[in-house]
Q: 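Below you will find the structure I want to go over with you.
Lettering follows sequence order; numbering is per chain, from 1. Only this structure's heavy atoms are used, side chains among them; waters, hydrogens and symmetry mates stay out.
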Protein chains: 2
Amino acid sequence: MQITWNQQVVKKENKTLVLDLIMNSFPISRADAAQKLGLNKGTVSSLVSELIDEKLIFESGPGESSGGRRPVMLLFNQNAGYSIGVDLGVNYIYGVLTDLLGNIILEKNTENPGLSYKDALREVNSLIQELIDSAPSSPYGIIGIGVGAPGIVNKEGDVLLAPNLGWRNVSLKRDLEHAFNLPVIVENEANAGAYGEKKFGVGKDYDNLIYISAGIGIGAGIIINGELYKGINGYSGEVGHMSIDFNGPKCSCGNNGCWELYASEQSLISKAGSFGLENEMTLEKIINLAASEDEDALSMLKETGRHLGLGIINIINAFNPKQIIIGNRLAAAKEWLSWDVKQTINKYTLPFHQTEIDISFSNLALPAAALGVSAFSIENFIKNQLQI
Amino acid sequence: MQITWNQQVVKKENKTLVLDLIMNSFPISRADAAQKLGLNKGTVSSLVSELIDEKLIFESGPGESSGGRRPVMLLFNQNAGYSIGVDLGVNYIYGVLTDLLGNIILEKNTENPGLSYKDALREVNSLIQELIDSAPSSPYGIIGIGVGAPGIVNKEGDVLLAPNLGWRNVSLKRDLEHAFNLPVIVENEANAGAYGEKKFGVGKDYDNLIYISAGIGIGAGIIINGELYKGINGYSGEVGHMSIDFNGPKCSCGNNGCWELYASEQSLISKAGSFGLENEMTLEKIINLAASEDEDALSMLKETGRHLGLGIINIINAFNPKQIIIGNRLAAAKEWLSWDVKQTINKYTLPFHQTEIDISFSNLALPAAALGVSAFSIENFIKNQLQI
DNA sequence: CCTTACTTTGTGCAATGGATAAACAAACTT
DNA sequence: AAGTTTGTTTATCCATTGCACAAAGTAAGG
């Protein structure tokens, strides 16, 4: 049995169009919406009155006249409910409570939670509970929880492997759903970041982009036609284990010369060792050294930039995206990486690709991963809400 | 102004569903179609009668009774029109005339046409004209022409660069449209092959696959959710220039250690040189040597298989597809490549990927590229036909 | 300041057209 | 003869549309 098409579907789709328009270009009048969407004024009026009944939008009062009757402006009711987004890091848990437009209402951070799944889950639960407790009252309450996790996540929301946390086959989504009785979405951290950047960050203007999450390891989130592409099982974007040197050193994954051995935070720290710098090196220390013009730090970063660029070239050749966003921890070193990344790409990419591609870095002030998963929850909620 | 939804759209979509069903599972009765699609019997009856009027389907007579009145079976009118697909190779032009189901009615081959664009275009024109002239008469006649070309093709159907033909910036689509006054589609050869395999070949059962066209160079066609993914400009799938060894030899593209320096037909022939085999080596000669158990040929092929596998691992990690199809010239050496390709992938891929992925080779009896572009033309035609 | 003509906004209502359910006729099986 | 299956017909439902219209504004002239 297939999806069939009938008038109910038409109505649902048109209602979605109207709501999307109000969400994206507010305030807007009924007449303006009708004209922009190509729908009849009456149709828009009737859909709008339903949306008002459902408390998803509201009338904000009269707008400016353009030579006739003053329009009644419509606003999306961003406080109709609240969403929670959690970025589950290796040594932190960061959570946000957002309104339905993704504006941050409240943020909470837990440093150095226990590594074991049991401990981490307890911390995540208590952080989420705090966020829930401090949410303002609203028609729909908390509409869902999104979590970004640093590992391989299947389409059922199980974390199959999170090497840096030592987790294997944990049913994170199911456990959280049981704890809170709310819709839960669990996504790979790179996918979450990709969507966060696409909705709220430097990827706002593009619908085809690839977000490179360069942290301890490297992962990628792939946005095609404005939607996350997850592959057949949800494992797409494992570009950290793309080999760029098949004669290179062994990687933990079994392959040789994986990209993340050359261009991740981990690799940068290892390079520090070979440069004879002190042990216990961190990305922050390296950046500080570079800021004070330390020659070794500068050339380590230059090399990392070149290696980042080499992998990005491979990605560009395969996907032909409109934009590449470099995010996560290494984005903090933008100032020292950017030139070498772009130079490498310009030098070694087919000329056709170069003219049109945009290479950007994340703005670290934006918690892209947490906002991305929060946005997923919001979209699910709205889709379900308009279902009938 | 956006696309808006109304009853006409509903009708068009339902009509498409009915026609698709009849195209894919024929013969089928009205009642059966209604049940399978979840549409009302009356709706199906009315859509079917329109499709019959448009000569896209016809009644083939009574079928088997299942305990009551015998059904009237419906068939897709595969002879309502004919489509042309051309595979433009480096030293051949191969064209097919197909019915609307992609069955080959006639094939024509031109060996060693002139290399210059002017010469090749003249040969292509005359081959297409011959196919047109021998098409049976039909309600819609020739419904379109598809061409697969070995090079970088943008979304406007210009061949921007075909290194092995020496073409640069030729407006192939426009020139053919002017010559025949028919809808023309020009696609990259790998994209054409991918779609051909997906529709008619070993990819029939899958909707997420990557076709590796391993010929003189290497390209890939990417099928996501049953549709060709072309990237923002149409340049996706340039995986031949994915570097698998950034310290490796220089490639003509400017990069180092590109995959096609290790795993293409060209590279295999070069390897022959380093093994001290005679000059003027060809893939066919190497295969013949391997068939007679020549040690050098066997180990050359083994190495090529391993190198093929290494690049495929990178592709799997990035895309997480359901299937990889190795096609074009090197597929002829399947017997000597298959084991090493699969072995390499098993050894070096993350275990999650391994369980579910299907690694296949093209069946060379199937002219995938020509059939793929022919299928594109057919789909365009049907989409336009149902537009009103 | 008032009047008049014109614009723009938003609602109400009949018409349109496509899907649906149910009744029904035709054709077949048991 | 009774029951089944197929395909058509008919009345009904429902969402969009176009148009009329009321409400609420602007602009210009006296």
Side-chain angles (χ1 to χ4, degrees), chain A residues 1-19 21-22 27-53 57-75 386-388, chain B residues 1-19 21-22 27-53 57-75 386-388:
Chain A
M1 184 97 110
Q2 240 170 305
I3 344 104
T4 144
W5 300 77
N6 53 35
Q7 295 182 83
Q8 286 81 280
V9 177
V10 167
K11 182 173 178 180
K12 197 191 80 190
E13 294 292 340
N14 282 335
K15 204 164 159 183
T16 305
L17 286 178
V18 170
L19 183 58
L21 181 65
I22 296 173
I28 192 170
S29 68
R30 291 166 173 82
D32 209 5
Q35 198 256 315
K36 280 218 173 96
L37 293 173
L39 285 170
N40 187 279
K41 285 191 298 173
T43 307
V44 171
S45 264
S46 118
L47 295 173
V48 159
S49 87
E50 286 190 26
L51 289 168
I52 290 177
D53 287 347
I57 63 175
F58 62 93
E59 297 183 329
S60 74
E64 292 278 296
S65 161
S66 61
R69 172 175 166 180
R70 293 172 68 189
V72 178
M73 302 315 271
L74 301 168
L75 285 183
L386 296 180
Q387 205 63 266
I388 315 145
Chain B
M1 185 96 110
Q2 238 169 307
I3 342 104
T4 144
W5 299 78
N6 51 36
Q7 293 183 86
Q8 286 79 277
V9 177
V10 168
K11 181 173 179 181
K12 198 191 79 189
E13 294 292 339
N14 282 335
K15 202 163 160 184
T16 305
L17 286 177
V18 170
L19 183 58
L21 181 66
I22 297 174
I28 192 169
S29 68
R30 290 168 175 80
D32 209 4
Q35 199 256 315
K36 281 221 173 94
L37 294 174
L39 285 171
N40 188 278
K41 286 192 297 175
T43 307
V44 172
S45 264
S46 119
L47 294 174
V48 159
S49 87
E50 285 190 28
L51 288 169
I52 290 177
D53 288 347
I57 64 175
F58 62 94
E59 297 182 328
S60 74
E64 291 279 296
S65 162
S66 62
R69 168 172 167 182
R70 293 171 67 188
V72 179
M73 302 316 270
L74 302 169
L75 285 182
L386 295 180
Q387 204 64 264
I388 313 147

Q: If I take atom CG in residue A:Leu39 and atom C1' in nucleotide C:dT9, what distance separates them, rounded to the nearest angstrom?
A: 17 Å
Q: Out of C:dA19, C:dG10, D:dT8, which nucleotide sits closest to the side chain of A:Ser45?
A: C:dG10
Q: Nearest nucleotide by nearest heavy atom, which residue falls closer to the 5' end of DNA chain C, A:Glu59 or A:Gln7?
A: A:Glu59
Q: B:Asp32 has an atom CG; how far is it from atom P of D:dT5, in whole Å?
A: 12 Å
Q: A:Asn14 has an atom CG; how far is it from atom C1' of D:dC14, in whole Å?
A: 14 Å
Q: Taking only side-chain nitrogens and oxygens of A:Arg70, does any of them come within less than 4.0 Å of OP1 or OP2 of C:dG10?
A: no
Q: Which part of the nucleic acid, if any, lies within contact of A:Ser65, taking any heavy atom under 4.0 Å across all strands shown: a base, the sugar-phosphate backbone alone, or nothing?
A: sugar-phosphate
Q: How many Å lie between CG on A:Leu47 and P on D:dC14, as a whole number?
A: 16 Å
Q: Describe the nucleic acid contact of A:Ser66 in one word from base, sugar-phosphate, nothing, applying a heavy-atom distance below 4.0 Å.
A: sugar-phosphate
Q: Could you give the CD-to-P distance, from A:Glu50 to D:dA15, as a whole number of Å?
A: 8 Å
Q: Taking atom CD of A:Glu13 and atom CG of A:Leu386, what is their separation to the nearest 0.5 Å?
A: 9.5 Å
Q: Indicate the atoms forming the closest heavy-atom contact of A:Pro62 with A:Met73, along with that distance.
A: C-CG, 4.3 Å
Q: Find the distance B:Lys12:NZ to C:dG18:P and express it as a whole number of Å.
A: 13 Å
Q: Go nucleotide by nucleotide along DNA chain C from the 5' end; which of A:Lys41 and A:Gly67 gets its closest nucleotide reached first?
A: A:Gly67
Q: Would you kindly give the CD-to-P distance between B:Gln8 and D:dT16, to the nearest whole Å?
A: 12 Å
Q: Please tell me which of the listed nucleotides, C:dG10, D:dT6, D:dA15, lies nearest to the side chain of A:Val10?
A: D:dA15
Q: If you pin A:Ser46 and B:Gly42 to their nearest nucleotides in DNA chain D, which one's is more 5'?
A: B:Gly42
Q: So which atom in B:Val44 and which in B:Ala33 form the shortest heavy-atom distance, rounded to 0.1 Å?
A: CG1-CB, 4.3 Å
Q: Can you give me the closest heavy-atom contact between A:Ser60 and A:Leu75, atom names plus distance?
A: CB-CD1, 3.6 Å
Q: I need the minimum non-hydrogen distance between B:Lys36 and B:Ile28, along with the two atoms involved.
A: NZ-CD1, 4.3 Å
Q: 5'-most contact on DNA chain D: B:Pro71 or A:Pro62, nearest heavy atom basis?
A: B:Pro71
Q: Is there, by distance only and without an angle test, a donor paired with an acceptor across the side chain of B:Asn40 and the base of C:dA21 below 3.5 Å?
A: yes
Q: Look at the side chain of A:Arg69 and the base of C:dT8, then say whether one donor and one acceptor between them are separated by less than 3.5 Å.
A: no
Q: Between B:Pro71 and B:Glu64, which heavy-atom pair has the shortest distance, and what is it?
A: CD-O, 3.4 Å
Q: NA contact type, B:Ser29, heavy-atom cut-off 4.0 Å: base, sugar-phosphate, or nothing?
A: sugar-phosphate
Q: Over all strands shown, is B:Val44 touching base, sugar-phosphate only, or nothing at heavy-atom distances under 4.0 angstrom?
A: nothing
Q: Could you check how far CG of A:Leu17 sits from C1' of D:dA15, rounded to whole Å?
A: 14 Å
